[in-house]
Amino acid sequence: VQLQASGGGLVQPGGSLRLSCSASGSIFSINTMGWYRQAPGKQREMVARITKGGKTNYVDPVKGRFTISRDDAKNTVNLQMNSLKPEDTAVYSCYADVAVGHIPALQWGDYWGKGTLVTVSS
């Protein structure tokens, strides 16, 4: 299973970016998908996650500004980031809780994509 993230870059404060992450491989099912970020000198933190049923969770600093969504037909998770602030600058990594194999021998595991850098600066 491979996760490929895209959409990072440089944006001015108040601007927007959209991150996308696509999972590929021998995927039977995907449960939770989400995004983490790690800023320089800080610990990694969960930014947003979405369950297969569509339930979402966000870290408090991004509530009302970021929106996570998924497309199960494409095994994709997206993160729309609006009203970006300099403190949102970080490397953003996607992850997915994936089942591989075939019934009855499914194996669940967490898979991670390579991080994409988001820089918010004027």
Side-chain angles (χ1 to χ4, degrees):
V1 176
Q2 292 185 329
L3 272 65
Q4 181 67 47
S6 62
L10 173 64
V11 64
Q12 292 187 342
S16 298
L17 279 177
R18 181 178 176 86
L19 305 182
S20 293
C21 177
S22 296
S24 61
S26 299
I27 298 170
F28 179 84
S29 181
I30 301 178
N31 192 6
T32 301
M33 305 181 81
W35 294 88
Y36 276 70
R37 68 184 179 184
Q38 186 165 20
K42 295 187 177 181
Q43 288 189 331
R44 187 178 65 176
E45 66 175 352
M46 188 280 292
V47 178
R49 59 189 176 196
I50 182 168
T51 68
K52 189 175 181 65
K55 181 179 179 180
T56 58
N57 292 97
Y58 299 91
V59 67
D60 284 345
V62 310
K63 287 181 179 178
R65 300 188 297 120
F66 291 11
T67 302
I68 190 170
S69 62
R70 62 189 285 168
D71 183 340
D72 289 334
K74 298 180 180 179
N75 291 334
T76 298
V77 61
N78 303 301
L79 185 67
Q80 178 65 41
M81 305 185 293
N82 299 328
S83 301
L84 283 161
K85 304 175 181 181
E87 50 264 42
D88 294 317
T89 295
V91 174
Y92 286 71
S93 300
C94 60
Y95 80 95
D97 183 20
V98 179
V100 299
H102 303 280
I103 295 176
L106 294 176
Q107 291 187 323
W108 287 91
D110 285 342
Y111 293 84
W112 291 83
K114 187 176 180 179
T116 184
L117 177 63
V118 172
T119 303
V120 185
S121 175
S122 55

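Hydrogens, waters and symmetry mates are skipped; everything else that's a heavy atom, side chains included, is used.
Checking side-chain atoms of Arg70 against main-chain N and O of Thr51 turns up a donor-acceptor pair under 3.5 Å. Proximity of a side-chain donor or acceptor of Thr116 to a complementary backbone N or O of Gly8 within less than 3.5 Å is detected. The closest donor-acceptor contact from the side chain of Tyr92 to the backbone of Leu79 lies at 3.5 Å or more, if one exists at all. At distances below 3.5 Å, not a single donor-acceptor pair connects side-chain atoms of Thr67 with backbone N or O atoms of Gln80.
Just one residue in the list Asn31, Val100, Val98 forms a side-chain contact (heavy atoms from CB on, under 4.5 Å) with Trp108, and that residue is Asn31.
The distance from the CZ atom of Arg18 to the OG atom of Ser6 is 10.0 Å, given to the nearest 0.5 Å. Atoms CD and OG, from Gln4 and Ser20 in turn, are 11.0 Å apart once rounded to the nearest 0.5 Å. Between the OG atom in Ser16 and the CZ atom in Phe66 there is a gap of 9.5 Å [rounded to 0.5 Å]. Here the CG-CE distance, from Asp71 to Met33, works out to 9.5 Å after rounding to the nearest 0.5 Å. In this structure, CG on Asn78 lies 9.5 Å from CD1 on Ile50, to the nearest 0.5 angstrom.
In this structure, the salt bridge (charged side-chain N to carboxylate O under 4.0 Å, His left out) partners of Asp88, at least two apart in sequence or on a different chain, are Arg37, Arg65.
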- Message: Is there a side-chain contact (heavy atoms from CB on, under 4.5 Å) between Ser93 and Gln38? Walk through the geometry before answering.
- Response: CA-CA 8 Å; Ser93 300; Gln38 186 165 20; over 6 Å; no

- Task: Please lay out, stage by stage, how Val118 and Met81 fare under the test side-chain contact (heavy atoms from CB on, under 4.5 Å).
- Result: CA-CA 10 Å; Val118 172; Met81 305 185 293; 3.9 Å; yes

- Message: What verdict does the side chain to side chain donor-acceptor pair (under 3.5 Å) test give for Thr119 and Thr89, after you've listed the backbone C-alpha separation in whole Å, the side-chain angles of each residue and the deciding distance to 0.1 Å?
- Response: CA-CA 5 Å; Thr119 303; Thr89 295; 5.3 Å; no

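The environment of Gln2 atom CD is sparse: at most 12 non-hydrogen atoms of other residues, nucleotides or ligands sit within 6.0 angstrom. Other residues, nucleotides and ligands contribute only 12 or fewer heavy atoms inside 6.0 Å of the NZ atom of Lys74. Counting heavy atoms of neighbouring residues, nucleotides and ligands inside a 6.0 Å radius, atom CD of Glu87 exceeds 12 of them.
With a 4.5 Å cut-off on side-chain heavy atoms, His102 and Ser26 do not count as touching. Contact annotation: the side chain of Ser121 never approaches that of Pro86 to less than 4.5 Å [non-hydrogen atoms, C-beta and beyond]. Considering only heavy atoms from C-beta on, Ile30 comes within 4.5 Å of Asn75 through its side chain. Residues Leu84 and Asn82 are not in side-chain contact: their nearest non-hydrogen atoms beyond the backbone lie 4.5 Å or more apart.
Considering every non-hydrogen atom in both Leu3 and Ala23, the closest pair reads CD1-CB, 3.9 Å. Considering every non-hydrogen atom in both Tyr58 and Ile68, the closest pair reads OH-N, 2.9 Å. Scanning both residues, Pro13 and Ser122, for their nearest heavy atoms gives CD-N, 3.7 Å. Annotation for Phe28 and Ile103: closest pair CZ-CD1, 3.5 Å, computed over non-hydrogen atoms.
In the hydrophobic clustering, where aliphatic and aromatic side chains (Ile, Leu, Val, Met, Phe, Trp, Tyr) are joined below 4.5 Å either directly or transitively, Met46 groups with Tyr36, Tyr95, Trp112.
Hydrophobic clustering (side-chain heavy atoms under 4.5 Å, transitive across Ile, Leu, Val, Met, Phe, Trp, Tyr) keeps Val91 apart from Val59.
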